[in-house]
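What follows is a short report on a single structure.
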Amino acid sequence: MKKKIMSFLLAIIISAMLFVPVQTFADTAENLAVESVQASTSQLVDVKITAASAIDVNTARIVVNYDSKLELVSVTNGTALPNNMSQDVSAQDNGSYIYLASSGTAQDALLNGGNVIFTMKFKTPSEAGTYSIKIDNTRTELVNAQAISTSCIAKAGAITASAPATAPCEAHAFGESVVVKAEASYLSGAYSYKTCTACGYVESTLTSPTSTEILTPLGTAIKYAGNPAGIGAHFKVDSEAIAKVEAAGYKVTIGMEFIYGTREEKYYFYGDNISPENEMNFADGVISAGIENLYTQQKGTICAFVDIVDPAVGYGRTERVYNHLNGEKNLSIRDIAELLNFNKYSEATCNYLTAVLAGETFEDKNYIG
């Protein structure tokens, strides 16, 4: 019960961040840091996320983006923010981890420089290289007991993986497998690993979460009537697949998400408190939305998403289906304009599309980068 109450209180505090003033001191000092470490290929290594300077925090939402070639095995909470309410590692998207925690009381926790907030354990890739781990400053939220948010300024880190100093065993002597998750489900994938007791080589078995198969991308469109420029997309929604997930006991919410620079816009089409317009949009089995007032050369991501929540615990997983162009999910208005057959459009439209390709539209000329 206490965990559920604290989760509820934390949700209220996080929501309140949208309505309270943010500290705007001209302080550019780093307040969070990601450790940089050396490791061997195909082995386990710990990376600490620490406070880089003294900071008062009551609740924190720290978003860590890491190279998707790394395998995040586990996360261990530190003592700085003892009330950890983060989702399991296996329930989060590969390449991103969201840490959600609080002081556990109405009082702030004082994080001094060097205090370990949490530790991430990774399995390194088999290829040597440097693999980045960065905190997303924009999406990270650090809030004190007075609901005042402090801007996150984080030092990035990395894992530099090199070939082992000694040659790996010809025949590994593996210990018992460590089962992180036994079976895949709608909420998480299966994951296990075993370590060679002689050379430390780690062999892992990873499967993706069970796909809901609810969403199918249909295409991307641009608004080419001039100012304001925009880009949008369409996705097919399978109602039978929704019913299958709900029959398994999960709550389903469906929407679309646009992330361009610091802008992040979401539209909801299925679930609670959906607008009548978006309910009608959903009714024919295809959802559509867009984002306007963009620099035509700016790249960003467009996806439809399914939030799958287990009502028993109050959290779950988000499944995202991205619009891609030749395998690239970062799309700009210019990218779409390059694909259009100009012979199908009016002279005025062709002139605008030509300007888009040249970076000479109203949006381009007035863009402040």
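In this text the structure is predicted, and so the values were computed from the model without any measurement. Sequence positions, counted from 1, serve as the residue numbers for this chain.
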For residues 336-344, which side-chain donor-acceptor pairs fall under 3.5 Å, sequence neighbours excluded?
residue: Glu338; atom: OE2; partner: Arg334; partner atom: NH1; Å: 2.4
residue: Asn341; atom: OD1; partner: Asn343; partner atom: N; Å: 3.0
residue: Asn341; atom: OD1; partner: Asn343; partner atom: ND2; Å: 3.4

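Qualifying salt bridge (charged side-chain N to carboxylate O under 4.0 Å, His left out) partners for Lys194, counting only residues two or more places apart in sequence or in other chains: Glu203. By the salt bridge (charged side-chain N to carboxylate O under 4.0 Å, His left out) test, Lys134 is found to be paired with no residue, residues two or more places apart in sequence or in another chain being considered. With sequence neighbours excluded, the residues forming a salt bridge (charged side-chain N to carboxylate O under 4.0 Å, His left out) with Glu257 are Lys266, Arg320, listed by chain and number. Scanning for ring-ring contact (aromatic ring centres under 6.0 Å, His included) contacts around Phe174 gives His172, with sequence neighbours left out.
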*Yes or no on side chain to side chain donor-acceptor pair (under 3.5 Å) for Thr354 and Asn351, after CA distance, side-chain angles and deciding distance?*
CA-CA 5 Å; Thr354 300; Asn351 289 339; 5.4 Å; no
_Quick one, Asn330 with Glu328, criterion side chain to side chain donor-acceptor pair (under 3.5 Å). Give me CA distance, side-chain angles, the key distance, then yes/no._
CA-CA 6 Å; Asn330 286 292; Glu328 173 60 52; 3.0 Å; yes
*Go through Tyr186 and Asp310 one step at a time and tell me if the side-chain contact (heavy atoms from CB on, under 4.5 Å) criterion holds.*
CA-CA 10 Å; Tyr186 286 124; Asp310 182 350; over 6 Å; no
*Please report the C-alpha distance between Thr361 and Tyr295 in whole Å, then the side-chain angles of each, then the deciding distance to 0.1 Å, and finally whether the side-chain contact (heavy atoms from CB on, under 4.5 Å) criterion is met.*
CA-CA 9 Å; Thr361 67; Tyr295 168 48; over 6 Å; no
*Please lay out, stage by stage, how Tyr191 and Glu71 fare under the test side chain to side chain donor-acceptor pair (under 3.5 Å).*
CA-CA 10 Å; Tyr191 187 84; Glu71 291 181 15; 2.8 Å; yes
*Would you please test Asn58 and Ser103 for side chain to side chain donor-acceptor pair (under 3.5 Å) and show each step?*
CA-CA 5 Å; Asn58 183 267; Ser103 66; 3.2 Å; yes
*asked:* Before you tell me yes or no, could you show the steps for Met85 and Asn83 under side-chain contact (heavy atoms from CB on, under 4.5 Å), namely the whole-Å CA-CA distance, both residues' side-chain angles and the distance that decides it to 0.1 Å?
replied: CA-CA 6 Å; Met85 289 163 284; Asn83 194 46; 3.2 Å; yes
*Step by step, work out the side-chain contact (heavy atoms from CB on, under 4.5 Å) result for Thr50 and Glu35.*
CA-CA 8 Å; Thr50 65; Glu35 183 182 21; over 6 Å; no
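Residues Leu70 and Asn94 come closest through the heavy atom pair O-OD1, 3.8 Å. Between Thr197 and Gly175, the shortest heavy-atom distance links the atoms CG2-N, 4.1 Å. Scanning both residues, Ala109 and Ala80, for their nearest heavy atoms gives CB-O, 3.5 Å.
Residues Val63 and Tyr260 do not share a hydrophobic cluster, defined by chaining ILVMFWY side chains whose heavy atoms lie under 4.5 Å apart. Clustering ILVMFWY residues whenever any of their side-chain heavy atoms sit less than 4.5 angstrom apart, transitively, puts Phe305 in a cluster other than the one holding Ile259. One hydrophobic cluster holds both Phe269 and Tyr250 under the rule that ILVMFWY side chains link at heavy-atom gaps under 4.5 Å. In the hydrophobic clustering of this structure, Phe122 does not group with Val180; members are Ile, Leu, Val, Met, Phe, Trp, Tyr whose side-chain heavy atoms approach within less than 4.5 Å, directly or through other members. Under the 4.5 Å side-chain heavy-atom criterion for Ile, Leu, Val, Met, Phe, Trp and Tyr, Leu218 and Ile242 are members of distinct hydrophobic clusters.
Here the straight-line distance linking atom CG of Leu294 with atom OG of Ser332 works out to 9.5 Å at 0.5 Å rounding. For the atom pair CG (Leu81) and OG (Ser86), the distance works out to 10.0 Å, reported to the nearest 0.5 Å. Of the inter-residue distances, the one linking Ile214 atom CD1 with Ile308 atom CD1 reads 6.5 Å to the nearest 0.5 angstrom. Note: Arg263 CZ to Thr138 OG1 = 14.0 Å, rounded to the nearest 0.5 Å. Taking CZ of Arg317 as the start and CG of Asp307 as the end, the distance is 10.0 Å to the nearest 0.5 Å.
A donor-acceptor pair is defined here as one N or O able to donate and one able to accept, closer than 3.5 Å; no such pair exists between the side chain of Thr160 and the backbone of Gln38. Checked by atom type and distance alone, the side chain of Asp108 never pairs as donor or acceptor with a backbone atom of Leu110 at under 3.5 Å. At least one donor-acceptor pair under 3.5 Å links the side chain of Asn115 to the backbone N or O of Asn112. With hydrogens and angles ignored, the 3.5 Å screen pairs a side-chain donor or acceptor of Asn281 with a backbone N or O of Ser288. No donor-acceptor pair closer than 3.5 Å links the side chain of Ser42 to the backbone N or O of Val202. Using a distance-only test at 3.5 Å, with no hydrogens or angles considered, a donor-acceptor pair links the side chain of Gln92 to the main chain of Ile98. With Gln297 contributing its side chain and Val356 its backbone, the two residues share a donor-acceptor pair below 3.5 Å. Under the 3.5 Å distance criterion, the side-chain polar atoms of Thr124 are matched with a main-chain donor or acceptor of Gln43. In this structure, Thr207 contributes its side chain and Ala190 its backbone to a donor-acceptor pair below 3.5 Å. When atom types are taken as modelled, the side chain of Thr41 and the backbone of Pro125 share no donor-acceptor pair closer than 3.5 angstrom.
Among pairs with a residue in residues 282-296, those fulfilling salt bridge (Lys or Arg N to Asp or Glu O under 4.0 Å) read Lys223-Glu292, at least two apart in sequence or across chains.
Asp238 is not listed as a side-chain neighbour of Thr216, based on a closest heavy-atom distance of 4.5 Å or more. Side-chain contact between Asp88 and Leu187: absent, with no pair of heavy atoms (C-beta onward) separated by less than 4.5 Å. Side-chain contact between Leu215 and Val237: present, with at least one pair of heavy atoms (C-beta onward) separated by less than 4.5 Å.
Heavy atoms from other residues, nucleotides or ligands lying under 6.0 Å from CD of Gln107 number 12 at most. Applying the 6.0 Å contact sphere to NZ of Lys123 captures more than 12 heavy atoms from other residues, nucleotides or ligands.
In this structure, Phe282 has its ring center at least 6.0 angstrom away from the ring center of Phe235.
Counted by atom type alone, Tyr99 and Asn84 present zero donor-acceptor pairs between their side chains at under 3.5 Å.
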